[in-house]
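As the structure is a prediction and not an experimental result, all values here were calculated from the model. Along the sequence shown, residues are numbered consecutively beginning with 1.
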Amino acid sequence: MNLELSDEQTAARQLAADFVDREITPHAARWDREESVDRAIVGRLGALGFLGLTIPEQYGGSAGDHLTYCLILEELGRGDSAVRGIVSVSLGLVAKSIHYFGTEEQKQTWLTRLVAGEALGCFALTEPGTGSDAAQLRTRAVRDGSDWILSGTKMFITNGTWAEVALVFARTGGEGHRGISAFLVPTDSPGFTAREIHGKLGLRGQATAELVLDGVRVPDSARLHAEGKGFTVAMAALAKGRMSVAAGCVGLAKACLDAAVGYATQRQQFGKPIAAHQLVQELLADIALDVDAARLLVWRVADLIDRGEDFAVASSQAKLFASEAAVRAADRAVQVFGGYGYIDEFPVGKYLRDAKVMTLYEGTSQIQKLLIGRALTGVAAF
C-alpha cells in the first residue's frame, strides 16, 4: 500500500478541509441545537463534486479513487458527522448501488441528479423489529401485473425526510435473505410517508426518519438488480459503507485531538498549562495514536478496493476499530476539558454524543466482531 498521497489527492483533501472550515464548522453547534442541518449544504456538496466521488463522469460524477473519497469523508467527519452522513448514505449506499447494479435507465434517471445534489437518496433497510438481523425484514412487495405494491415500515433512516428516492428492501419471496429484493422508490409516491425522529443522543442535525409504505406502487423497472437479490445489494453497499463510516470516525477523532490539544495548551492549572502535566499528555497521546491507527486501517480498505481485491473483512476491521476509537477519543477529550467539556460552549460533548452511534449503525461493533471471527474460523456464530 502506497502511503504517499498524489498531488491530486492532496488538493482534494485541502479543498474539503477549506470547505469544512468555512461552511460547516462555524455552524455545527447551532445545527446540533436546532436539530437541523441547513439543507443548502446539499447543493454545495454537489457543486464541489463531493456527492459524485468514484461515479464516472458520464453520469455527472467526479470519478476519482476510493482513497480520495476517504480523505474527503474524513474532513467532513472532522467538521460535522451529520454532514458526513448525508454523503455516506446518498452517495456511498444509494448512488454507488445504482451505478453497480442499476440498469442504464435507472442510472440516467437517478445518478445525474444524486451526484449534482439535485436529489438525495436514503437507504431503507432497518425496520422496527429487524436491525442486525436484516435478513428477517418484514416489509413486503407483492406483484400486481407489471407493478409491485410495497407495504411496511422502516426505522432510523438517514436522509429519510430529505430524500427524493429511497432504496427500499422488501420481501418478494420466502423467508431469509434469498427472498429479498431491492426497489428504487420515489419518495413522493402515493402511500409513502416519512416522519422525522427527534430527540436523538447525537447526529441531532441529521434528518433521521421513520418511513411508512402503505400500498406504494412502483413498476418492475424500479427493481434494482434481479428479483431475490436485494440482500446482495444491501451487503455490497454496507461493505463499502463501513469504510465511509470509519473514514468519518477518523475525522471525528482528529477533531477531538485538535480541540483537546488547543485547550490543554491554553488552560492553566497549578501555575502552568495543563498540557505540562504528564497524565494530560497521556490522554492526548492516546487520542493521537487512535487517529493514526484508524486512518491506516481505512486507507488499507480503500487501497484494496482500488486494486480490485477482496475488502469486506478489512472494512469490518476498520469500522470496528475507528468507531470505538472515536468514542475513546471523544471521552478523553471531555476529560481534558474537565467541567467545560460537559457543556455545549465547547464541541467535545457533541463529539462524544455523535461518536456513539458509529458503533451502532451499518453493523454494530458486535456484528463486526462476528464477521471478522467468521472470516478467521470459517464458522458463522450468527
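Counting only heavy atoms from C-beta outward, the side chains of Arg140 and Ser151 never approach each other to under 4.5 Å. Counting only heavy atoms from C-beta outward, the side chains of Leu114 and Leu91 never approach each other to under 4.5 Å. Two residues are said to be in side-chain contact when any heavy atoms from C-beta on lie closer than 4.5 Å; Leu201 and Asp354 fail this criterion. Side-chain contact between Thr193 and Asp214 is absent, with no heavy-atom pair separated by less than 4.5 Å. You'll find the side chain of Val83 reaches within 4.5 Å of the side chain of Leu45, heavy atoms only. The side-chain heavy atoms of Leu352 and Val348, taken from C-beta on, include no pair separated by under 4.5 Å. Two residues are said to be in side-chain contact when any heavy atoms from C-beta on lie closer than 4.5 Å; Pro273 and Gln266 fail this criterion. Within the 4.5 Å cutoff, the side chain of Ile367 has no heavy atoms near those of the Lys319 side chain.
Leu211 forms part of a hydrophobic cluster together with Trp148, Leu150, Ile157, Val168, Phe183, Val185, Phe192, Leu213, Val216, Val218, judged by ILVMFWY side-chain heavy-atom separations under 4.5 Å. With a 4.5 Å cut-off between side-chain heavy atoms of Ile, Leu, Val, Met, Phe, Trp and Tyr, the cluster of Ile197 takes in Met155, Phe156.
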Salt bridge (charged side-chain N to carboxylate O under 4.0 Å, His left out), that's the test. Do Asp220 and Arg143 meet it? Break it down for me. CA-CA 9 Å; Asp220 188 55; Arg143 272 276 196 181; 3.6 Å; yes
For Ile180 and Leu137: C-alpha separation, side-chain torsions, deciding distance, then whether side-chain contact (heavy atoms from CB on, under 4.5 Å) applies. CA-CA 8 Å; Ile180 297 171; Leu137 62 81; 3.8 Å; yes
Mind running salt bridge (charged side-chain N to carboxylate O under 4.0 Å, His left out) on Asp38 and Arg30 for me, showing each step along the way? CA-CA 10 Å; Asp38 180 2; Arg30 175 172 57 83; 5.9 Å; no
Take Thr158 and Cys122, measure what side-chain contact (heavy atoms from CB on, under 4.5 Å) needs, and give me the verdict at the end. CA-CA 6 Å; Thr158 300; Cys122 66; over 6 Å; no
Run Ser365 and Glu324 through side-chain contact (heavy atoms from CB on, under 4.5 Å) and show every step you take. CA-CA 8 Å; Ser365 292; Glu324 296 289 347; 2.5 Å; yes
Given side-chain contact (heavy atoms from CB on, under 4.5 Å), test Leu93 with Ser88 step by step and report yes or no. CA-CA 7 Å; Leu93 297 183; Ser88 290; over 6 Å; no
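Open room surrounds NZ on Lys369; 12 or fewer heavy atoms of other groups in view lie less than 6.0 Å from it. Annotation: Gln335, atom CD; neighbour count of heavy atoms from other residues, nucleotides and ligands within 6.0 Å does not exceed 12. Taking a 6.0 Å sphere around CZ of Arg138, one finds it holds 12 or fewer heavy atoms contributed by other residues, nucleotides or ligands. Counting heavy-atom neighbours within 6.0 Å of Phe270 CZ, excluding the residue itself, gives a total of 12 or less.
Within the structure, no pair that satisfies the ring pair (Phe, Tyr, Trp, His ring centres under 6.0 Å) test touches residues 303-336, not counting sequence neighbours. The stretch residues 58-73 participates, sequence neighbours left out, in these side chain to side chain donor-acceptor pair (under 3.5 Å) pairs: Gln9-Asp65, Tyr59-Glu104, Asp65-Thr68, His66-Asp306, Tyr69-Ser244. Sorted by first and then second residue, the pairs that involve residues 158-183 and meet salt bridge (Lys or Arg N to Asp or Glu O under 4.0 Å), not counting sequence neighbours, are Arg39-Glu164.
Rounded to the nearest 0.5 Å, atoms CD (Glu196) and CD (Glu35) are 8.0 Å apart. Here the CH2 atom belonging to Trp110 is positioned 11.5 Å from the CG atom belonging to Leu167, to the nearest 0.5 angstrom. Remark: Leu51 CG to Leu111 CG distance equals 12.0 Å, nearest 0.5 Å. One finds the OG atom of Ser323 at 7.5 Å from the CD atom of Gln368 (value rounded to the nearest 0.5 Å). In this structure, OG on Ser97 lies 9.0 Å from CG on Leu184, to the nearest 0.5 angstrom. Rounding to the nearest 0.5 angstrom, the gap separating the CG atom in Leu120 from the CG atom in Asn159 is 5.0 Å.
Under 4.0 Å is where a charged nitrogen must lie from a carboxylate oxygen, and between Arg300 and Asp303 no such pair does. Note on Arg13 versus Glu75: no salt bridge recorded, every NZ/NE/NH1/NH2 to OD/OE distance being 4.0 Å or above. Note on Asp286 versus Arg328: no salt bridge recorded, every NZ/NE/NH1/NH2 to OD/OE distance being 4.0 Å or above. A salt bridge between Lys254 and Asp290 is absent, with no side-chain N of the basic residue lying under 4.0 Å from a carboxylate O of the acidic one. Between Lys350 and Asp344 no salt bridge is recorded (no basic side-chain N to carboxylate O distance below 4.0 Å). Residues Asp32 and Arg353 are paired through a salt bridge, judged by an N-O separation under 4.0 Å between the basic side chain and the carboxylate. For the pair Lys154 and Glu127, the salt-bridge criterion is met [side-chain N within less than 4.0 Å of a carboxylate O]. A salt bridge between Glu74 and Arg295 is present, with a side-chain N of the basic residue lying under 4.0 Å from a carboxylate O of the acidic one.
Checked by atom type and distance alone, the side chain of Gln206 pairs as donor or acceptor with a backbone atom of Ala82 at under 3.5 Å. When atom types are taken as modelled, the side chain of Thr54 and the backbone of Ala63 share no donor-acceptor pair closer than 3.5 angstrom.
A side-chain N or O of Lys200 and one of Thr208 form a donor-acceptor pair less than 3.5 Å apart. If you check the side chains of Asp18 and Gln14, you find a donor sitting under 3.5 Å from an acceptor. No side-chain donor from either of Ser221 and Glu105 sits under 3.5 Å from a side-chain acceptor of the other.
Nearest heavy atom pair, residue Gly160 against residue Ala194, reads O-CB, 3.6 Å. Across all their heavy atoms, Gly79 and Ile24 have their closest contact at C-CG2, 3.7 Å. Nearest approach of Arg242 to Gly363, heavy atoms of both residues: NH2-CA, 4.2 Å. Taking each heavy atom of Val250 and Val291 in turn, the nearest pair found is CG1-O, 4.1 Å. Scanning both residues, Gly121 and Ser90, for their nearest heavy atoms gives N-OG, 2.9 Å. The shortest heavy-atom contact between Pro26 and Val20 is CD-O, 4.1 Å.
When hydrophobic clusters are built by joining Ile, Leu, Val, Met, Phe, Trp and Tyr residues whose side-chain heavy atoms come closer than 4.5 Å, directly or via intermediates, Ile274 is grouped together with Tyr340. Placement of Phe346 and Ile287 within a single hydrophobic cluster is found when ILVMFWY residues are connected by side-chain heavy-atom separations under 4.5 Å, directly or transitively. Linking Ile, Leu, Val, Met, Phe, Trp and Tyr whenever their side-chain heavy atoms come within less than 4.5 Å puts Phe123 and Met358 in one cluster. Both Val357 and Met243 belong to a common hydrophobic cluster when Ile, Leu, Val, Met, Phe, Trp and Tyr are linked at side-chain heavy-atom distances under 4.5 angstrom. In the hydrophobic clustering of this structure, Leu224 groups with Tyr100; members are Ile, Leu, Val, Met, Phe, Trp, Tyr whose side-chain heavy atoms approach within less than 4.5 Å, directly or through other members.
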Atom pairs and distances, side-chain donor-acceptor, residues 232-239, under 3.5 Å, sequence neighbours left out:
none

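Using cut-offs of 30° and 60° on the angle between ring planes, the pair His225 and Phe101 is tilted.
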